[in-house]
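Convention: sequence-line order gives letters A, B, ...; per-chain numbering from 1. Keep in mind that what you see is a predicted model, and the values were worked out from it rather than measured.
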Number of protein chains: 2
Amino acid sequence: MYQSMDFKGYDLSNESEEIVPIGSLNHLSTKYESLDYEVIENELYREEEQKKGYRYVVQKDFSRWMTFFWIGVTTAFIGIIIFISIEIGTTFKFNMIKKYFDGCTEADCVYKPYLVALLLNLIPSLVGSCLIVYIEPMAKGSGIPAVKCFLNGIKVPRLIRLKTLVVKVIGVTCVALGGMWGGKEGPMIHAGSIVAAGVSQGKSITFNKDLGALNFFREDHEKRDFVSGGAAAGIAAAFGAPVGGLLFSLEEGASFWNQALTWRTFFGSMVSMFTLHSVLSAYHGHPGDLTYKGLLNFGEFDDLSYHILDIPVFVLMGIVGGLTGALFCHLNLKLFIFRKRYVNKDWKKILEVLIVCATTVTISFLLILFTSDCKKLGLDPTDHPIQFGCNDGEFNAMASLWFQLLEGTVRSLFHDTPDVFNTTTVVYFCICAYFITLWTYGVHFSGGVLIPGLCTGAAWGRLVGRANIGIYSLIGAASQLGGITRMTISLTIILVEATGSITFGLPLMICLMTAKWVGDFFSESIYDTQIELSGMPLLAWDPPPLSSNIYANNLMTHPVITFKTKETVGNIVKILKTYSHNGFPVIEYVQNYELDEGKTKCYLRGLILRSQLIVLLENKVFDGPLTNYWDSVTMETFREDYPRYSSIDDIELLQNDLKLTIDLSRFMNPSPYIVQHTMSLPRVFKLFRAMGLRHIVVVNDSNEVAGIVTRKDLARYKVIRHMGKICVTELQFSSKMD
Amino acid sequence: MYQSMDFKGYDLSNESEEIVPIGSLNHLSTKYESLDYEVIENELYREEEQKKGYRYVVQKDFSRWMTFFWIGVTTAFIGIIIFISIEIGTTFKFNMIKKYFDGCTEADCVYKPYLVALLLNLIPSLVGSCLIVYIEPMAKGSGIPAVKCFLNGIKVPRLIRLKTLVVKVIGVTCVALGGMWGGKEGPMIHAGSIVAAGVSQGKSITFNKDLGALNFFREDHEKRDFVSGGAAAGIAAAFGAPVGGLLFSLEEGASFWNQALTWRTFFGSMVSMFTLHSVLSAYHGHPGDLTYKGLLNFGEFDDLSYHILDIPVFVLMGIVGGLTGALFCHLNLKLFIFRKRYVNKDWKKILEVLIVCATTVTISFLLILFTSDCKKLGLDPTDHPIQFGCNDGEFNAMASLWFQLLEGTVRSLFHDTPDVFNTTTVVYFCICAYFITLWTYGVHFSGGVLIPGLCTGAAWGRLVGRANIGIYSLIGAASQLGGITRMTISLTIILVEATGSITFGLPLMICLMTAKWVGDFFSESIYDTQIELSGMPLLAWDPPPLSSNIYANNLMTHPVITFKTKETVGNIVKILKTYSHNGFPVIEYVQNYELDEGKTKCYLRGLILRSQLIVLLENKVFDGPLTNYWDSVTMETFREDYPRYSSIDDIELLQNDLKLTIDLSRFMNPSPYIVQHTMSLPRVFKLFRAMGLRHIVVVNDSNEVAGIVTRKDLARYKVIRHMGKICVTELQFSSKMD
């Protein structure tokens, strides 16, 4: 029988499913779908294009620029809301703590400020974690791994919804108010991405609202471009680093480099930084002054000059950062497995957040109690000096490290002169910072690891060189963060922009590169570990090495379920209900004219997506005696339902409908990218990656459909680099989704 | 008969050749070939890969890093040689001129310094132009358009030879010594590219020397990556702008974004800047100080703070830059046509250079003679103050603009306080600068338009705002250069890095964007005009709009010349001699087993390149009774001859050889990227562009070869945007090469 009749699935999810042990890095979830970067140039598309003409091209282009403008502005305003709420909230908090501290200079009354601090920290932490656990778990953490996957081309459910944004914004404010070790910078990247998706689609699923505008942007292709711009705008707002944002979105998102997109992304990032700076400089009393230095994230460095002999020291610091970073990733993985096993109920998750929060407060009080590092007032520009345990006219240096926002602590470590902190103060602080950051990363709250990582590194960096604190603490911060996240180009540029010094780019690059190489020797980055744990089929930059002896016919899943160009409704419904596949080759049976016996060949005619079929069924686009659908179905019909289509089970059809046929040739993609069954893995991989595909049809020598290659078939081959050894393994499939 | 027997060419160069009028923008030269970004994964490749294993992968990767390191260092040293020779030479020259000027304060003796200046300028100009005209014309101009084409994937003959480099280095020094209006920055990009090609290939064709090292980098794919890194290193050395260099190479060169390549490019750029800075700071007496400010190309700006209300002024300046830039491109095109028609002999070309040089000197003297702008000594930090026409203790401000290096003039315009130059001085200077730059661009010398463009713009920028000269002259410079070159992201970042101020990125971006939009409304950029005049088949970023109704079978050239998997030597030689094609599909005739009459189908089995066939013929890899070539032919055999293969006419074969066969299946690319004949132009274009292909095989429904699409088939469809209108035209083919 023909292939469309033999109903064997190419989806391996049911066959090979095994129970994946908790914390396994070697599985691949079959539940994640790819985004589709391809433009389906079917008849409808061509008709629309020809009808609307150049005017439409220009209009679309102009709308793109305007959309990027609004993405920049909106992202900046989200940043402004977060910054100002945190500023107001923490000022209140630290003033309260200071008030209770000021009434107490000895150890016997320290319980009063302690209880106040505990209460003021636990309440926002509770609110923040409840939001994440009960309302929207997708808003957990920084969101960077998930955004990275989205930009890589994976459909991550609920990632870019308005609800996620609202929870994230409130959540990240709560984290900062709760004094927990999480940064607002990572979440800003996620927030920017959601803003971009929202602004560009003119539609909210959370509110079930459709503005009807910009509907020509309703395809994965356009959305992914906007989201990469949004992520860049988020970084521009968070760090004041538009070029860094651009490079981040390229580093994580770009497959095919597009000049126009890059330029628009840069524009959006600039607008975002510009908006944030103008509003915040006005808020701080410098209206109109766009170069107000108070906004530089890491403060202004007076002197970042270095000597050629400093370079070896920078390399050594990079090694330290790489080692401690790899340890961080390893321990965090263990912690993750522990959490999966024991912190598996909602109330336990919230409890963990509260415990972490309380522990952080307790540690800070214990450190203040048991170290006495008193310095003259005015030495450190902290806003809330605490006198505890010190004489009049002095302040407690350890307390000044703990009782300010993390960004403030980083600035203090970068800029305060060597005599502000005793060495023991910094040592204790550094050790605690490392472990608190380690424990905190992964609990159910909305905070990132960027600022805590910088803070830890800045602390030990200060210890290395007392000659030029600024340089060494900056290099320490970069090394530590580089060791944890393994970000390279983008992090270099972000730090260069955030410090405002271009000449310091080379040392930063050297230490980040060293940290990455050393770290990669032992473990994956913290983000990649998270992604692997979740089983998301992330495609690497390059195909696995030495894989040119794996061919498309080893890769592909087959036999393939296909449709004929004219297919009966009943058949379509049956297949859609039986299989969970999302793309089906459309074939035609051609009788070899030179034959009498009727031996036929099935030639590929195109590819049709499940979503398209659903729309066709919903709109009853059937070839019936009474139906004339040629005018009623346009591109708009398909855009209306994007991106969430009905399930096949929800579509009600009359018994009579099932006998009718649909002519798929008008709607299918008539020329999908095809490869021959002899093509090697690296070549299939490159094609898939560069073109942002979702399905590649594999054909045999006579152009008959032999199989289909999807993302999971390629992501399955994983390169494992460990302790200097490289090997390629095949991952297991699982159907869990995290 | 079978297709391989019917000898009709798909090369249109002979059929449709027409005489292209001088200065026509609407032709496409069929003489330029594509680079081949594809890796040919044939049997030899697989064998080598499996044999050498992971060690080889790691070794290759390490060599890549080392190569980028050496590219950076070497490029920097080329820069250092140029900088120091120019510094010494011009110091001598300006001292001489000053000496003769100092003996003369009145108009009657001005002929003495004039003659000295004329002589000192004419001699180097003569040397420089003779080198270009007689030794290596490829070293003409900045080289940016040619490098851009190379990175786009066009094989530009002699572009990256050592001879070109030597001529370029001497040439650019001569230009600067000759006082001509050409920058050394553009040539540095070209120099970096050549260095990269040379270092990575370990082989010089000019010297006929083969080091035998790094021969695994001998493929277009690797070479192009290195060259893009070299171009970036060139910019990093010329402007101190490593990120700008990175973005330039991405903007011009990247097709498929590759993270590892980007990171290495950035590394190479950093190394280049670092080496240049350490050597030059040591040369200037600050050894080891890597942040020595004297190396900032445009000097250090004290105050680049701006107000939100300045933005509209920046936009207006962008418009002025765009308009004057478009006029510049238009006039330069007319000048080009004039030159093609009348300056067509070698001696005329040299004469033109001398006339331009003499005119420049004369104009400067006339301006000094007829304006009297005397200022107190010490106001301007010029090294060679000339007293001419002024009282004691004063210097001639107009003379100080002319008698220093162009970079120095730009710095003066950026930084000198408003009272250094009278308004009339700047107005006269600006007008002359514009027309001298216009005339100079395109004469036979090695100089770029970057610095002259900045100089002109800085002059009129100074006139706009006298409140903050630094800002307005910088914006003017950016607008003018943006209007001429239409560079966007990379120019923004280059200027940001060269000025050392990140906060000023937004204004720069705004004015560059405005200048680009305004300029594009009227004309193409100066580089694109040059490229179009030469007929090089540059592929744009995006396929032409509204072209989805053009299909692969309209695009492709056919019928195709094919080979069988086992082909006779005689047939191969005959075809190679008859046709100039570079790629041939390899097919197999398969008899349909169900047929008795022997009706056959020809299925695609692979693609073989002319260069591969030449190597096979040269090494006599024939299937004879006595031949056992399986061990003797490896990947190395093919690498040895790269990149210049013999002509088919130079290969001597015995009459007996012609009857033997070659089994092509072991050497061909067994799975070339194929498209169906129904695929639309945009999709074919995207595939070609993203994968960096040279040939795409078009197949019909039953996988029989229907045609071949090459670069010129795609580049033929050109979008013309003029005065707000857009249309797509088909270019004529020509066989001229420029």
Taking every heavy-atom pair that is under 4.5 Å apart, which of [options] has the most such pairs with chain A?
options: B/Pro242, B/Pro682, B/Ala260; result: B/Pro682
options: B/Val699, B/Asn700, B/Ile674; result: B/Ile674
options: B/Met273, B/His677, B/Glu49; result: B/Glu49
options: B/Glu588, B/Met509, B/Gln676; result: B/Met509
options: B/Pro672, B/Ala552, B/Gly240; result: B/Pro672
options: B/Leu546, B/Val57, B/Thr488; result: B/Leu546

Measure the spacing between [atom1] of [X] and [atom2] of [Y] and express it to the nearest 0.5 Å.
X: B/Glu41; Y: A/Leu681; atom1: CD; atom2: CG; answer: 9.0 Å
X: A/Trp517; Y: B/Trp65; atom1: CH2; atom2: CH2; answer: 4.5 Å
X: A/Met270; Y: B/Thr492; atom1: CE; atom2: OG1; answer: 7.0 Å
X: B/Ser548; Y: A/Glu47; atom1: OG; atom2: CD; answer: 10.5 Å

How close do B/Arg683 and A/Ser671 get, heavy atom to heavy atom, and via which atoms?
->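 Heavy atoms of B/Arg683 and A/Ser671 come nearest at NH2-O, 3.0 Å.
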
Heavy-atom pair of closest approach, residues A/Thr678 and B/Pro670 |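 What the structure gives for the nearest pair is OG1-O, 3.8 Å.
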
Would you say [X] and [Y] make side-chain contact, with heavy atoms under 4.5 Å?
X: B/Phe266; Y: A/Met513; value: no
X: A/Thr262; Y: B/Leu250; value: no
X: B/Val39; Y: A/Lys686; value: yes

With a 4.5 angstrom heavy-atom cut-off, is it the side chain or the backbone of [X] that approaches chain B, or both, or neither?
X: A/Leu604; answer: both
X: A/Tyr551; answer: side chain
X: A/Asp310; answer: neither
X: A/Ser269; answer: neither

Would you mind telling me which of A/Val675, A/Val271, A/Ile493 has the largest number of heavy-atom pairs within less than 4.5 Å of chain B?
->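 Going by pairs under 4.5 Å, I would pick A/Ile493.
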
Residue among A/Val243, A/Ile510, A/Leu687 with most heavy-atom pairs under 4.5 Å to chain B =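 Ranked by contacts with chain B, first place is A/Leu687.
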
Is [X] in contact with chain A via its backbone, its side chain, both, or neither, using a 4.5 Å heavy-atom distance?
X: B/Tyr45; answer: side chain
X: B/Tyr56; answer: neither
X: B/Thr265; answer: neither
X: B/Leu309; answer: neither
X: B/Val58; answer: side chain

Given the rule in the side-chain contact (heavy atoms from CB on, under 4.5 Å) test, do B/Ile489 and A/Leu246 qualify, once you have shown the distances and angles that lead to the verdict?
-> CA-CA 10 Å; B/Ile489 315 172; A/Leu246 171 68; 4.3 Å; yes

